Amino acid sequence: MTKPPGKLLPLVAALLCGAVLAQAAQPSDVPVTASSPAVRTVAAGPLSGSPIAAKPAPPGPKRHGQSPHTKQPADDWNLTKHGKVLYLTFDDGPHPGFTPKVLQILRRHHAKATFFVLGVEAAKRPDLVEQTRAAGHHIGNHTWDHPMLTKLPAAKMRQEIFSGVKSKCFRPPFRDTNASVEATAKANHQRQVLWDVDTYDWKKPGAAAIEHRILAGAFPGAIVLLHDGGGNRTQTLTALDRALTKLHRQGYTFKALPC
């Protein structure tokens with residue numbers, strides 16, 4: 001075979017090189033598998049084929065469906081968490097003569113309280129109930145007309161509770177309760193509330209005795225039982241005014257229950 005002329009050698013070399021490069025650019029017929037180091041990173045990533053992020057995703061919230069920054073609901077019934085706070089409660093009203101006087105004393109001492117009213121009395125004096133609420137006090141259900149609930153048939157007991165005023169709280173008269181009474185109140189969306197300090201003002205033992213029971217029983221978070229209805233409450237008024245003065249000097253404040 002004759003040798004190509006010298007001028008043709010560069011041209012032949014260029015043609016051969018182009019052919020080799022074109023062959024290398026053709027796709028391979030051999031499938032790529034996940035065992036290949038080149039695809040392990042992609043195979044472990046999203047199915048969209050986008051590369052894996054350099055940093056792993058941050059861990060999700062610890063509680064399902066809740067952001068770590070979501071504010072947790074407060075436990076309103078942890079009554080001791082507010083420091084030296086007493087929760088004054090008044091039963092059996094509203095009374096046209098004594099309830100307004102109790103409200104005056106509370107206002108003078110910058111105190112808030114909770115009034116467990118009877119449905120039958122509240123129905124007679126809805127304006128007095130609204131006046132109590134407007135002053136920043138809370139209203140609780142004390143049944144319709146003050147029976148001993150555990151002595152009643154189930155239907156009558158339910159009627160007494162459900163006929164009382166609307167509230168988040170319920171107090172059984174005479175502290176007369178059991179599991180059935182508490183469950184019925186719960187079915188009426190009301191929490192049963194009893195007390196820590198009984199002043200026995202309903203016995204009318206004298207203003208000094210009532211005052212002494214308030215002061216001796218006081219502790220942070222205590223619920224104190226008093227009455228603004230159901231009889232002559234003159235002794236209660238005197239004892240309340242004196243006790244609040246002394247308790248205020250001891251650093252106590254007075255709040256309404258979360259009713």
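Values in this document were obtained by computation on a predicted structure and should not be read as measured data. Here, residue 1 is the first one in the sequence, and each next residue gets the next number.
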Given the rule that I, L, V, M, F, W and Y join up when any side-chain heavy atoms are under 4.5 Å apart, are Phe116 and Leu79 in one cluster? yes
CG (Asn141) and OG (Ser163) are apart, to the nearest 0.5 Å, by 9.0 Å
List the residues meeting side-chain contact (heavy atoms from CB on, under 4.5 Å) with Arg249, not counting sequence neighbours, and say none if there are none. Thr245
Could you check whether any side-chain N or O of Lys168 sits under 3.5 Å from a backbone N or O of Pro258, counting only pairs where one atom can act as donor and the other as acceptor? no
Residue pairs, two or more places apart or on separate chains, that pass side-chain hydrogen bond (donor to acceptor under 3.5 Å, both in side chains) and touch residues 202-226: Glu211-Lys246
Output field: ring centroids Phe174/His146 closer than 6.0 Å: yes
Would you find more than 12 non-hydrogen atoms of other residues, nucleotides or ligands less than 6.0 Å from Lys186 atom NZ? no
Looking at Glu160 and Trp144, would you say the former's side chain and the latter's main chain have a donor-acceptor pair under 3.5 Å? yes
Between NE2 on residue His82 and NZ on residue Lys255, distance to nearest 0.5 Å: 5.0 Å
With side chain to side chain donor-acceptor pair (under 3.5 Å) as the test, would you mind laying out the steps for Asn78 and Thr80 before giving the verdict? CA-CA 6 Å; Asn78 182 3; Thr80 60; 3.2 Å; yes
With no hydrogens and no angle check, is any side-chain donor or acceptor of Lys112 less than 3.5 Å from a backbone partner on Ala135? yes
Side-chain donor-acceptor pairs of residues 221-232 under 3.5 Å, sequence neighbours excluded:
from   : atom 1 : to     : atom 2 : distance (Å)
His227 : ND1    : Asp201 : OD1    : 2.8
Asp228 : OD1    : Gly93  : N      : 3.4
Asp228 : OD2    : Thr99  : OG1    : 2.7
Asn232 : OD1    : Thr234 : N      : 2.9
Asn232 : OD1    : Thr234 : OG1    : 2.6

State the CE-OG1 distance between Met148 and Thr177, to the nearest 0.5 angstrom. 11.0 Å
Describe, in one word, how the ring planes of Phe90 and Phe115 are oriented to each other, choosing from parallel (under 30°), tilted (30 to 60°) and perpendicular (over 60°). parallel
Quick one: do Tyr87 and Leu247 end up in the same hydrophobic cluster if we chain Ile, Leu, Val, Met, Phe, Trp and Tyr together by side-chain heavy atoms under 4.5 Å apart? no
Enumerate the side-chain hydrogen bond (donor to acceptor under 3.5 Å, both in side chains) contacts for residues 119-133, please, sequence neighbours excluded, ordered by first and then second residue. Glu121-Arg125, Glu130-Arg133
Kindly write out the residues that satisfy side chain to side chain donor-acceptor pair (under 3.5 Å) with Arg171, not counting sequence neighbours, or none if the list is empty. Thr89, Asp91
Would you confirm whether His137, through its side chain, and Ala113, through its main-chain N or O, come within 3.5 Å as a donor-acceptor pair? yes
Would you find a donor on one side and an acceptor on the other, under 3.5 Å apart, between the side chain of Ser167 and the backbone of Ile139? yes
Residues passing the side-chain contact (heavy atoms from CB on, under 4.5 Å) test with Thr184, sequence neighbours excluded, are Met157, Arg158, Ile161, Phe162, Ser180
Which heavy atom in Ile214 sits nearest to a heavy atom in Ala239, and how many Å separate them? CD1-O, 4.5 Å
I need the minimum non-hydrogen distance between Leu215 and Ala243, along with the two atoms involved. CD2-O, 3.9 Å
